[in-house]
Amino acid sequence: MSSLKPVKKENLSVRVYNEIRNALINGQYEPGERLIIGELARQMGVSITPVREAIFRLISEQGLEMQAATAVYVPYVNSEKLREIQQIRFHLEGMGAAEAARNITPKQLDNLVALQKEFLSYTATDPKRASYLNRKFHFSILEASNKPILRNTVESFWVITGPILKVFHIKTAGLDYSTDEHRHEAVLAALKARDPEAAAKAIQADLVWGGEIMIDWLVQREQEQAEQEREQGRRQAAGRARR
């Protein structure tokens with residue numbers, strides 16, 4: 001379970017909600033992981049009430065799910081849902097990158113270059129850190145677009161997909177990007193050139209590449225689960241026949 005920061009007492013519900021929401025976005029939890037309300041409250045130094053309020057708010061946003069009266073889990077996003085989210089992100093983040101190419105400041109560009117360098121240093125050794133830096137890279141582009149509504153809309157999808165992105169970085173851990181140009185480099189080149197069309201295409205290519213790997217993994221997992229369920233059904237049927 002992820003370690004969460006202590007929360008000050010003012011605006012507790014909002015602050016607790018933001019803390020857990022950011023943990024989901026940053027991939028600090030894995031799909032299927034159970035969140036225990038009392039443990040979250042202890043980590044943040046608050047009572048159970050604001051944590052429960054935050055949990056129910058996140059359940060309404062599909063960032064968490066409740067499987068029983070007190071059993072709260074990070075949901076597994078199925079392949080169909082992830083494919084839909086990726087299609088939406090494809091268009092919105094493409095728009096954001098194009099706007100960033102028009103509006104980005106030299107300081108913001110320098111920060112993106114530094115983020116990418118740090119990201120590459122962690123891809124093979126620390127999937128959790130790499131997942132966080134990848135998110136920060138994408139969000140920094142949206143921040144540079146100067147389109148707050150667009151940024152907030154995209155962020156809502158990251159609440160749902162953050163945990164699966166962590167799995168993605170675990171699956172691709174060990175990949176050596178030192179000899180092959182990472183897809184973020186094309187994004188940076190387009191931003192440096194202030195080329196909106198190239199920036200949009202570059203970020204979309206990154207999304208397609210990562211999305212296909214994650215969707216393929218989910219499809220395989222769903223097929224394996226379906227086969228396990230069929231096998232269990234055959235065994236139950238055979239057991240009934242013997243009786």
Open item on the list: I'd like to know if Arg151 pairs up with Glu155 as an ion pair, taking the criterion as any Lys NZ or Arg NE/NH1/NH2 lying under 4.0 Å from an Asp or Glu carboxylate oxygen.
Closed with: yes
Task: Same cluster (ILVMFWY, side-chain, under 4.5 Å), Val159 and Ile149 - done: no
Task: Derivation of the side chain to side chain contact (heavy atoms under 4.5 Å, CB included) call for Asn22 and Tyr17 - done: CA-CA 8 Å; Asn22 286 333; Tyr17 163 78; over 6 Å; no
Task: Minimum-distance pair of heavy atoms, taken over all atoms of Ala98 and Ala199 - done: N-CB, 4.5 Å
Open item on the list: Are more than 12 heavy atoms, taken from residues, nucleotides or ligands other than Glu118, located less than 6.0 Å from that residue's CD atom?
Closed with: yes
TODO: Examine distances only and state if a side-chain atom of Asn26 and a backbone atom of Gln28 form a donor-acceptor pair shorter than 3.5 Å.
DONE: no
Task: Qualifying residue for side chain to side chain donor-acceptor pair (under 3.5 Å) with Asp206, from Lys201, His184, His182, Arg183 - done: His184
Open item on the list: Check Lys81 with Glu84, please: is the shortest side-chain N to carboxylate O separation under 4.0 Å?
Closed with: no
TODO: For the pair Arg42 and Glu39, find out whether any cationic side-chain nitrogen is under 4.0 Å from an anionic carboxylate oxygen.
DONE: yes
- [ ] Drop me the distance from Gln225's CD to Arg230's CZ, to the nearest 0.5 angstrom.
- [x] 11.5 Å
Task: Any side-chain heavy-atom pair of Glu61 and Leu58 under 4.5 Å - done: yes
Task: Same apolar cluster (I L V M F W Y, side chains within < 4.5 Å links), Leu82/Val154 - done: yes
Task: Minimum side-chain heavy-atom gap Val187-Gln116 below 4.5 Å - done: no
Open item on the list: Quick check on the hydrophobic clustering: are Phe90 and Ile141 connected, directly or via other members, by side-chain heavy-atom contacts under 4.5 Å?
Closed with: no
- [ ] For residues Trp217 and Ile164, determine if any side-chain heavy atom of one lies less than 4.5 Å from a side-chain heavy atom of the other.
- [x] yes
TODO: May I ask you to say whether Glu231 pairs ionically with Arg235, meaning some side-chain N is under 4.0 Å from a carboxylate O?
DONE: yes
- [ ] Mind running side chain to side chain contact (heavy atoms under 4.5 Å, CB included) on Glu197 and Asp195 for me, showing each step along the way?
- [x] CA-CA 6 Å; Glu197 183 177 355; Asp195 185 334; 3.8 Å; yes
- [ ] Of all the heavy-atom pairs spanning Ala54 and Ser13, show the shortest one and how long it is.
- [x] CB-O, 4.4 Å
Task: Where Pro163 and Pro31 come nearest, the two heavy atoms and their spacing - done: O-CD, 3.5 Å
TODO: Measure the CZ-CG distance between Phe119 and Asn134 for me, rounded to the nearest 0.5 Å.
DONE: 5.0 Å
- [ ] Measure across Leu115 and Leu133 and return the closest heavy-atom pair with its distance rounded to 0.1 Å.
- [x] CD2-CD2, 3.9 Å
- [ ] Verify the cluster assignment for Phe56 and Leu64: are they in a single hydrophobic cluster under the rule of side-chain heavy atoms below 4.5 Å apart?
- [x] yes
TODO: Could you check Ile48, Ile55, Val16 and say which one makes a side-chain contact (heavy atoms from CB on, under 4.5 Å) with Leu40?
DONE: Ile55
TODO: Indicate the atoms forming the closest heavy-atom contact of Ala97 with Leu191, along with that distance.
DONE: O-CD2, 3.9 Å
Task: Full working for side chain to side chain contact (heavy atoms under 4.5 Å, CB included) between His138 and Trp158 - done: CA-CA 10 Å; His138 282 260; Trp158 282 73; 3.8 Å; yes
TODO: Mind listing the closest non-hydrogen atom pair of Val46 and Val51 along with its distance?
DONE: CG2-CG2, 3.6 Å
Open item on the list: Between Glu99 and Gly96 (side chain of the first, backbone of the second, donor and acceptor by atom type, cut-off under 3.5 Å), is there such a pair?
Closed with: no
Task: Hydrophobic cluster identity match, Tyr73 and Ile25, side-chain contacts under 4.5 Å - done: no
Open item on the list: What's the separation between atom CD1 in Ile215 and atom CD in Gln220, rounded to the nearest 0.5 Å?
Closed with: 14.0 Å
Open item on the list: With side chain to side chain contact (heavy atoms under 4.5 Å, CB included) as the criterion, how do Glu222 and Ser79 come out once you've worked through the C-alpha distance, each side chain's angles and the decisive distance to 0.1 Å?
Closed with: CA-CA 8 Å; Glu222 290 160 5; Ser79 57; 2.8 Å; yes
Open item on the list: What's the separation between atom CD in Glu143 and atom CG in Leu112, rounded to the nearest 0.5 Å?
Closed with: 11.0 Å
Task: Face-on cation placement of Arg89 at Phe157 ring, 6.0 Å and 45° thresholds - done: no
- [ ] Can you measure from CD1 (Ile160) to CD1 (Ile85) and round to the nearest 0.5 angstrom?
- [x] 4.5 Å
Open item on the list: Any salt bridge linking Glu80 with Arg83? Criterion: basic side-chain nitrogen under 4.0 Å from a carboxylate oxygen.
Closed with: no
Task: Check ion pair Glu65-Arg34 (N to O, under 4.0 angstrom) - done: no
- [ ] To the nearest 0.5 Å, tell me how far Ser145 OG sits from Glu93 CD.
- [x] 10.5 Å
